[in-house]
Amino acid sequence: MPQLTEPANLPNPPFNTTGLVFNNSTIRQTIHVTATSPHIRLRISNAFGTTNLPITAVTIARPINGLPGVPAIDPSTLKTLTFSGSPSFSIPNGALVVSDPVDFDIKAGTELSISIFLASGQVTNDITSHPGSRTTSWFTFGNQVNAANLTGPALQNVAHWFFISTLDAWVPTTQRTVAFVGDSITDGRGSDTDKNNRWPDLLFSRVHSSSDSALNTLAFANQAAGGNRILADGLGPNALGRFDRDVLSQPGVRYVVVFEGVNDIGVAPATTSAQQAIGDAVIAAFKQFIVRAHAAGLPIFGATITPFSAPGFNAAIQAYSSPIREATRQRVNDWIRTSGAFDGVIDFDAVVRNTTAPSQLRGDFNSGDFLHPNVAGYTAMANAFPIQLFKEFQGGVDGFA
């Protein structure tokens, strides 16, 4: 999911100087593919750039040994991408570009390497990226998009994605994509870098291990961002505002999962009046997600908000901790569970909460900050997801339901 890059998440010098980023630079990044297809195309985004993004060359290949987060590729699989018939394209500020389709066999559950060369860089320090990639990206000077391995004395790596947005895959119309709208928990904070063990990744592995073709052909689009809120911009645009871009306009989406709200509640003041207002607004926003998904014929499933308080509601340990915020979480979760508004409910709160202190995560699921689960918690969430919903709503929903 494209986001504005915070100063702390820009590349380090010499790839970042005042008013110029990635001059004469090759960036090599890997992504986890969730569909099987012989034809693909890549979207590159300049959504938050304030100047044109001049793409000079782009290639794709399989990473060496099929590994995520590596700077080396299998050169025998290398393919050059074109954009409107040209290997280069200058993307206007706020826009994206879609590559021409290319014949390239991808398999669900494997990795794809993407190399981008910017001869003159982007003349701004406001660029588009996804800081929470949980995957290592590499960059170096010069045009090395065709190189078997990136090299050079300035070679660097970071766990961020830059400029890449989504990968489109040609699949039969019977195959379906699940779009996940979420915050840092869905983005995988607390998971392992280069391991693809966010909870949607683990759910993907679960459905693809099924012998049921209604499940093992599902593709996943993780449209989550760290710090994301439903009602206000933060680390990325607010979820209500990006719903069209990240869900409704994406090809092949047939289901929506919404797991948001923790940051709205946690950032709002811990006063009775402020929490009453934010709780009401979050519920109203959920109703908007539902009506907009249904208008597109898409079933939408809501997840309960997981615990975020430290022991004793100690805000010095976890800033969101508050008995008043906890009451809002419980009120919103009660609405998610009992209103019948969502087409299905994923009760993540019940999965990861401490049964003796329900405002807290289970100790064995706590990544350490009392907000984000660890891999064990993400595994439990993936295993508890009611995957029968995907079969129950194969035919979509009434657009006026």
Residues Tyr255 and Arg176: side-chain donor-acceptor under 3.5 angstrom: yes
Validation row, ring centre Tyr378 to ring centre Phe365 under 6.0 Å: no
Full working for side-chain contact (heavy atoms from CB on, under 4.5 Å) between Leu298 and Leu248: CA-CA 9 Å; Leu298 305 180; Leu248 301 182; 4.0 Å; yes
Other residues, nucleotides, ligands: >12 heavy atoms within 6.0 Å of Arg189 CZ: no
Atom pair CG/OG of Asp105 and Ser37 - distance to nearest 0.5 Å: 8.0 Å
Stepwise salt bridge (charged side-chain N to carboxylate O under 4.0 Å, His left out) test for Asp194 and Arg134: CA-CA 6 Å; Asp194 296 328; Arg134 323 293 168 207; over 6 Å; no
Cationic N near anionic O, under 4.0 Å, Asp347 to Arg337: yes
Close aromatic pair by centroid cut-off 6.0 Å: Phe289 and Phe243: yes
Ion pair Arg242/Glu260, N-O distance below 4.0 Å: yes
Approximate separation, where rounding is to 0.5 Å, of Asn383 CG and Leu203 CG: 9.0 Å
Side-chain H-bond candidate by donor/acceptor type, Asp343 with His294, under 3.5 Å: yes
Asn125 CG to Thr5 OG1 distance, which is reported to the nearest 0.5 Å: 10.0 Å
side-chain contact (heavy atoms from CB on, under 4.5 Å) assessment of Ser45 paired with Thr128: CA-CA 7 Å; Ser45 176; Thr128 303; 3.8 Å; yes
Side-chain heavy-atom pair Phe385, Phe390 within 4.5 angstrom cut-off: yes
Pair Arg43 + Asp168: basic N to acidic O under 4.0 Å: yes
Derivation of the side-chain contact (heavy atoms from CB on, under 4.5 Å) call for Asp349 and Ile305: CA-CA 6 Å; Asp349 171 47; Ile305 301 168; over 6 Å; no
Flag, side chain of Gln122 to backbone of Pro54, donor-acceptor distance under 3.5 Å: no
Ring centres under 6.0 angstrom apart (Phe342, Phe286): yes
Phe180/Phe259 aromatic ring centres below 6.0 Å: no
Beyond-backbone contact of Arg206 with Ile387, side-chain heavy atoms, under 4.5 angstrom: yes
Gln250 side chain reached by Thr177 side chain, heavy atoms, under 4.5 Å: no
Side-chain heavy atoms of Pro386 within contact of Ile346, under 4.5 Å: yes
Side-chain donor/acceptor of Asn196 to backbone N/O of Asp201, under 3.5 Å: no
Check: Ser133 side chain, Ala159 main-chain N or O, donor-acceptor pair, under 3.5 Å: yes
pair Ser321-Phe370: side-chain heavy atoms closer than 4.5 Å: no
Stepwise side-chain hydrogen bond (donor to acceptor under 3.5 Å, both in side chains) check, Glu6 with Asn9: CA-CA 5 Å; Glu6 296 176 293; Asn9 290 322; 3.2 Å; yes
ring-ring contact (aromatic ring centres under 6.0 Å, His included) between Phe139 and Phe117, worked out: CA-CA 9 Å; Phe139 33 92; Phe117 176 58; over 10 Å; no
Heavy atoms of other groups near Arg41 CZ, more than 12 under 6.0 Å: no
Main-chain N/O of His372 paired to Ser367 side chain as donor or acceptor, under 3.5 Å: yes
For Pro307 against Val352, the heavy-atom pair lying closest together: CD-CG2, 3.9 Å
Least distance between heavy atoms, Ala239 atom then Val181 atom: CB-CG1, 4.0 Å
Close side-chain approach of Thr135 and Glu111, heavy atoms under 4.5 Å: no
Verdict with reasoning, Thr136 to Asn157, per side-chain hydrogen bond (donor to acceptor under 3.5 Å, both in side chains): CA-CA 6 Å; Thr136 305; Asn157 69 83; 4.9 Å; no
Separation between CD1 of Ile164 and CG of Leu167, rounded to the nearest 0.5 Å: 9.5 Å
Non-hydrogen atoms of Ile230 and Ala285 that approach each other most closely: CG2-CB, 3.5 Å
Asn314 side-chain N/O to Ala316 backbone N/O, donor-acceptor pair under 3.5 Å: yes
Test item: side-chain donor near acceptor, Ser210 and Asn216, under 3.5 Å: no
Centroid separation Phe141 to Phe15 less than 6.0 Å: yes
Exercise: identify the closest heavy-atom pair between Ile116 and Val145: C-CG1, 4.0 Å
Test item: Arg198 side-chain N/O and Ser191 main-chain N/O as donor-acceptor pair under 3.5 Å: no
Lys79 and Asp103 ion-paired at < 4.0 Å: no
Nearest heavy-atom neighbours spanning Asn46 and Ile91: ND2-O, 3.1 Å
Donor-acceptor contact below 3.5 Å, side chain Gln275 vs main chain Ala268: yes
Within 6.0 Å of NZ in Lys195, more than 12 heavy atoms from elsewhere: no
Expected output: side-chain Trp161 to main-chain Thr30 donor-acceptor under 3.5 Å: yes
side-chain hydrogen bond (donor to acceptor under 3.5 Å, both in side chains) between Gln276 and Asp280, worked out: CA-CA 6 Å; Gln276 180 66 44; Asp280 291 347; 3.2 Å; yes
Approximate separation, where rounding is to 0.5 Å, of Gln144 CD and Leu150 CG: 5.5 Å
Minimum heavy-atom distance between His160 and Pro131, given as atom pair plus value: ND1-O, 2.7 Å
Check: Asp187 main-chain N/O paired with Ser184 side-chain donor or acceptor under 3.5 Å: no
Geometric class of the Phe163/Phe22 ring pair [parallel <30°, tilted 30-60°, perpendicular >60°]: perpendicular
CZ on Phe162 to CG on Leu118, rounded to 0.5 Å: 11.5 Å
Candidate pair Thr140 and Thr26, rule side-chain hydrogen bond (donor to acceptor under 3.5 Å, both in side chains), full reasoning: CA-CA 6 Å; Thr140 191; Thr26 296; over 6 Å; no
Parallel, tilted or perpendicular: ring planes of Phe220 versus Phe204, cut at 30 and 60 degrees: perpendicular
Side-chain donor or acceptor of Thr82 paired with backbone N/O of Pro87 under 3.5 Å: no
